[in-house]
Number of protein chains: 2
Amino acid sequence: MKKNSVKAVHSLVDTYPKVPLTVDCVIFGFEESKLKVLLIKSDLSIYQGKLSLLGDFVKNNEDLDDAAYRILRERTGMTNVFLDQVKVFGKPDRHPGGRVITIAYCSLLNIQHHSLNIHENELDWYDYDALEDMAFDHKQIVDECHSWLQKRIQEHPLGFNLLPDKFSLRELQNLYEAILGVSLDRRNFRKKFASMDLLIDTNEMEQDVSHRPGKLYQFNFTKYEKKKRKWIGIDF
Amino acid sequence: MKKNSVKAVHSLVDTYPKVPLTVDCVIFGFEESKLKVLLIKSDLSIYQGKLSLLGDFVKNNEDLDDAAYRILRERTGMTNVFLDQVKVFGKPDRHPGGRVITIAYCSLLNIQHHSLNIHENELDWYDYDALEDMAFDHKQIVDECHSWLQKRIQEHPLGFNLLPDKFSLRELQNLYEAILGVSLDRRNFRKKFASMDLLIDTNEMEQDVSHRPGKLYQFNFTKYEKKKRKWIGIDF
DNA sequence: CTGCAATTGCGTAGTTAGTACACAAAGTTA
DNA sequence: TAACTTTGTGTACTAACTACGCAATTGCAG
């Protein structure tokens with residue numbers, strides 16, 4: 001096979017099929033003990049009334065991660081957020097307008113930190129458990145991101161990104177139960193987090209609860225970052 | 001925002017930037033106690049002498065997974081193989097011929113089962129540990145797939161796909177040590193696999209070794225599939 | 001055919017992580 | 001002040017992982 005010059009490579013690349021590329025963001029939040037996803041109503045008439053992920057085309061010279069952060073920023077104003085590439089979806093018929101490849105990114109954010117511009121296509125938080133029949137293959141994408149999240153949250157204490165700054169152990173447990181879809185033993189759950197040693201006792205108590213109030217904690221992000229480096233060293 | 005008809009969606013999609021899309025296959029093998037990767041010499045003169053992954057453009061109406069299997073089949077003849085999507089790489093300047101997005105797929109295969117057509121661009125197995133300075137961003141892709149493999153092999157006993165049908169526990173341990181880059185306690189390693197109960201004792205012994213020969217085992221694939229279903233139930 | 005080198009095969013004790021489970025104290029509400 | 005809800009805590013059992021040493025088998029060199 002002959003070697004190709006840069007110019008020849010350019011023209012070679014030009015002859016290959018090209019496809020439009022999008023990024024879709026699956027943004028999980030947590031409120032009222034329920035796992036939520038940030039969605040809009042679809043633009044497309046054939047998907048009238050159906051829910052759709054926040055997505056957009058990737059620009060010509062835009063890095064993929066940058067595109068995901070841009071979309072998140074444009075829609076929510078949020079900038080300091082984890083955002084992870086989860087999977088590519090590329091079935092030839094997944095988009096009614098022709099072939100479009102999409103890259104799913106997943107993110108967790110604290111609902112309290114963000115006020116949404118609700119007027120844009122009914123952008124809002126929707127219960128994950130109640131989702132059905134979304135536009136495109138978006139239900140499948142959300143489900144794959146949910147599985148990814150279930151796995152992820154057992155390896156890293158990512159849940160804190162979904163909670164308010166100060167939270168009770170009850171809220172933390174509710175979050176884990178909502179994401180994992182199981183119920184957990186309260187004493188063992190508390191013991192486990194106590195042994196991780198990543199919570200700071202604020203010496204404050206819950207307010208406005210109609211029962212014995214619990215202590216409020218904060219997540220020790222700096223300690224977590226240190227531990228994470230160790231874990232990665234041991235190939236986590 | 002107005003709703004769009006299907007026709008309007010088509011023309012909308014048509015206005016968005018398009019990019020060529022490739023699949024690159026990172027195919028790991030194992031031989032002589034070393035982890036190997038299947039690579040070719042790059043076609044491109046600017047990458048003269050450098051190693052490159054097996055890759056190709058995705059066809060117009062080809063599913064992404066199908067493209068990966070096609071490439072693997074075309075290059076190695078192999079069909080019954082695990083093949084997993086690992087990650088998308090899309091930096092705007094990663095390809096000298098212009099923007100090209102690539103999807104990395106990872107696969108493990110048994111070197112003994114395949115004879116290679118060595119003449120095509122020096123297609124061959126190369127030591128993973130000795131790799132450096134590959135074409136494009138392929139070194140980064142291989143490294144990400146290697147991390148993926150390290151993680152994966154601790155969750156599922158995938159290693160068997162890299163070994164001959166019959167293997168000694170020593171070979172199995174060498175494989176794990178090569179992939180994980182650590183040394184393991186021989187007794188604990190054996191105990192662990194014994195407790196998994198996935199090995200079949202063939203009652204044969206190693207031949208041609210210059211020391212006490214070990215027993216040869218086979219992997220119990222059907223039992224593994226059953227177990228896997230259970231694990232998945234418990235959300236593994 | 002003997003001794004050396006390499007490697008197999010095996011078991012126990014200690015530690016750590018996870019699970020199951022019950023009761024008293026704090027606050028709210030009627 | 002009684003009933004209700006929820007917090008906060010400890011122990012015993014089990015499962016998984018770690019560290020570690022010795023006798024037996026084979027090939028090979030002298």
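Numbers restart at 1 for each chain; the letters A, B, ... are given by sequence-line order, proteins then strands. All values derive from a computational prediction rather than experimental measurement.
Applying the ring-ring contact (aromatic ring centres under 6.0 Å, His included) criterion to A/Phe82, with sequence neighbours excluded, gives no partner residue. Under the rule for a salt bridge (Lys or Arg N to Asp or Glu O under 4.0 Å), the partners of B/Asp63 that lie at least two apart in sequence or sit in another chain are A/Lys91. Listed by chain and number, the residues in a salt bridge (Lys or Arg N to Asp or Glu O under 4.0 Å) with B/Asp127 are B/Lys34, B/Lys36 (sequence neighbours excluded). Not counting sequence neighbours, the partners of B/Arg94 by the salt bridge (Lys or Arg N to Asp or Glu O under 4.0 Å) test are B/Asp137. Judged as a salt bridge (Lys or Arg N to Asp or Glu O under 4.0 Å), and not counting sequence neighbours, B/Arg186 has no contacts.
A side-chain N or O of B/Glu177 and one of B/Gln173 form a donor-acceptor pair less than 3.5 Å apart.
Less than 4.0 Å separates DNA chain D from at least one heavy atom of each of the following residues of residues 169-176 of chain A: A/Arg170. Within residues 202-214 of chain B, the residues having any heavy atom closer than 4.0 Å to DNA chain D are, in order of number, B/Val209, B/Ser210, B/His211, B/Arg212, B/Pro213.
Between B/Phe167 and B/Phe160, the ring centre distance stays below 6.0 Å.
For the pair A/Leu54 and A/Ile40, the minimum side-chain heavy-atom distance is below 4.5 Å. The shortest distance between side-chain heavy atoms of B/Cys106 and B/Trp148 falls below 4.5 Å.
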Side-chain donor-acceptor distances from residues 21-32 of chain B under 3.5 Å, at least two apart:
unit_1: B/Thr22; atom_1: OG1; unit_2: B/Ile101; atom_2: O; d: 3.4
unit_1: B/Thr22; atom_1: OG1; unit_2: B/Thr102; atom_2: OG1; d: 2.7
unit_1: B/Asp24; atom_1: OD2; unit_2: B/Thr102; atom_2: OG1; d: 2.7

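Remark: C1' of C/dC21 and CG of A/Leu184 are 16 Å apart, rounded to the nearest angstrom.
Residue pairs that meet the salt bridge (Lys or Arg N to Asp or Glu O under 4.0 Å) test with at least one member in residues 198-211 of chain A, sequence neighbours left out, are A/Lys166-A/Glu204, A/Asp201-A/Lys215. Legend: salt bridge (Lys or Arg N to Asp or Glu O under 4.0 Å) pairs involving residues 141-150 of chain B, not counting sequence neighbours, sorted by first then second residue: B/Lys87-B/Glu144, B/Lys139-B/Asp143.
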Heavy-atom protein contacts under 4.0 Å, nucleotides 10-17 of chain C, coded B base, S sugar-phosphate only, - none:
BBB-----
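Along DNA chain D, read 5' to 3', the first and last nucleotides having any atom under 4.0 Å from a heavy atom of chain A are D/dT5 to D/dT11.
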